[in-house]
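Numbering of ligands and ligand atoms starts at 1, following listing order.
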Amino acid sequence: MTLLRHLVLIAVTFALSSFAAHAQTSRATFPSDFDRYVRYGIYDRGSSKEEAFALPDTIAIAKSGKALPVGTRLVLGIWTNSELTGYFVMEKGVDWGLEVADDKKTGDWHFQQFDINGQVSRGAIAERCESCHQGQASNDFMFTLDQMRAYIP
Ligand code: HEC
């Protein structure tokens, strides 16, 4: 077997096993009404860029100082080499935290990675969403709460 074929096999095996192990752990879905979402934050890092989106209602609730309710979805558009490559979504559900292992708990938020068509497309980073956002526990596990509150349409 050539080295390349070997590497491809390893990659496929890894992708399948990680999919099987985690397929049930995220209930977050891509919003069907994404066209109603508002871009409230841009994180421009040259050829890579991230854009944060939420519904106008979500932004209004954040501005009022209240906690974001169950049913809230937040979307982050991921740009690599000046191209939109996918979306990260976090969604809050009733008691969803109970389904998450202790070391991955982020309140009742679930995290998921999607391609540009809104289909689940998990890469290695999907295993790290929670660990990064756990550091933001005091901001409801969000990094962009201040930007959302400061957003002026
Ligand atoms: C290395 C740390 C890190 C990892 C891993 C990470 N994030 Fe984030 N996330 C951030 C930061 C920092 C921001 C703020 C935007 C920025 O600076 O680009 C953010 C913002 C977000 C937002 C906008 C709402 C908010 O929390 O402020 C969503 C949605 C999001 N991330 C989802 C995800 C998902 C889904 C994954 C896994 C596929 C993930 N993130 C992995 C650091 C991380």
List of N/O pairs, ligand 1 versus protein, all under 3.5 Å?
from     : atom 1 : to     : atom 2 : distance (Å)
ligand 1 : 7 (N)  : His133 : NE2    : 3.1
ligand 1 : 9 (N)  : His133 : NE2    : 3.1
ligand 1 : 17 (O) : Arg45  : NH2    : 2.7
ligand 1 : 18 (O) : Arg45  : NH1    : 3.0
ligand 1 : 18 (O) : Arg45  : NH2    : 3.3
ligand 1 : 18 (O) : Glu50  : OE1    : 2.4
ligand 1 : 26 (O) : Phe143 : N      : 3.3
ligand 1 : 27 (O) : Phe143 : N      : 2.9
ligand 1 : 27 (O) : Thr144 : N      : 2.7
ligand 1 : 27 (O) : Thr144 : OG1    : 2.5
ligand 1 : 31 (N) : His133 : NE2    : 2.9
ligand 1 : 40 (N) : His133 : NE2    : 3.0

Could you check whether Thr85 and Thr80, counting side-chain N and O atoms only, form a donor-acceptor pair closer than 3.5 Å? yes
Is there a ring pair (Phe, Tyr, Trp, His ring centres under 6.0 Å) between Phe111 and Phe88? Walk through the geometry before answering. CA-CA 7 Å; Phe111 291 76; Phe88 290 178; 9.2 Å; no
Phe114 ring center within less than 6.0 Å of Tyr87 ring center: no
Counting only pairs under 3.5 Å, give me each side-chain donor-acceptor contact of residues 45-57, with atom names and distances, residues two or more places apart or in other chains.
from  : atom 1 : to    : atom 2 : distance (Å)
Glu51 : OE1    : Trp79 : NE1    : 3.1
Glu51 : OE2    : Arg39 : NH1    : 2.6

We want to know whether Arg73 and Thr29 form a side-chain donor-acceptor pair, criterion being a heavy-atom distance below 3.5 angstrom. yes
For the side chain of Asn81 and the backbone of Glu83, is there at least one donor-acceptor N/O pair under 3.5 Å apart? no
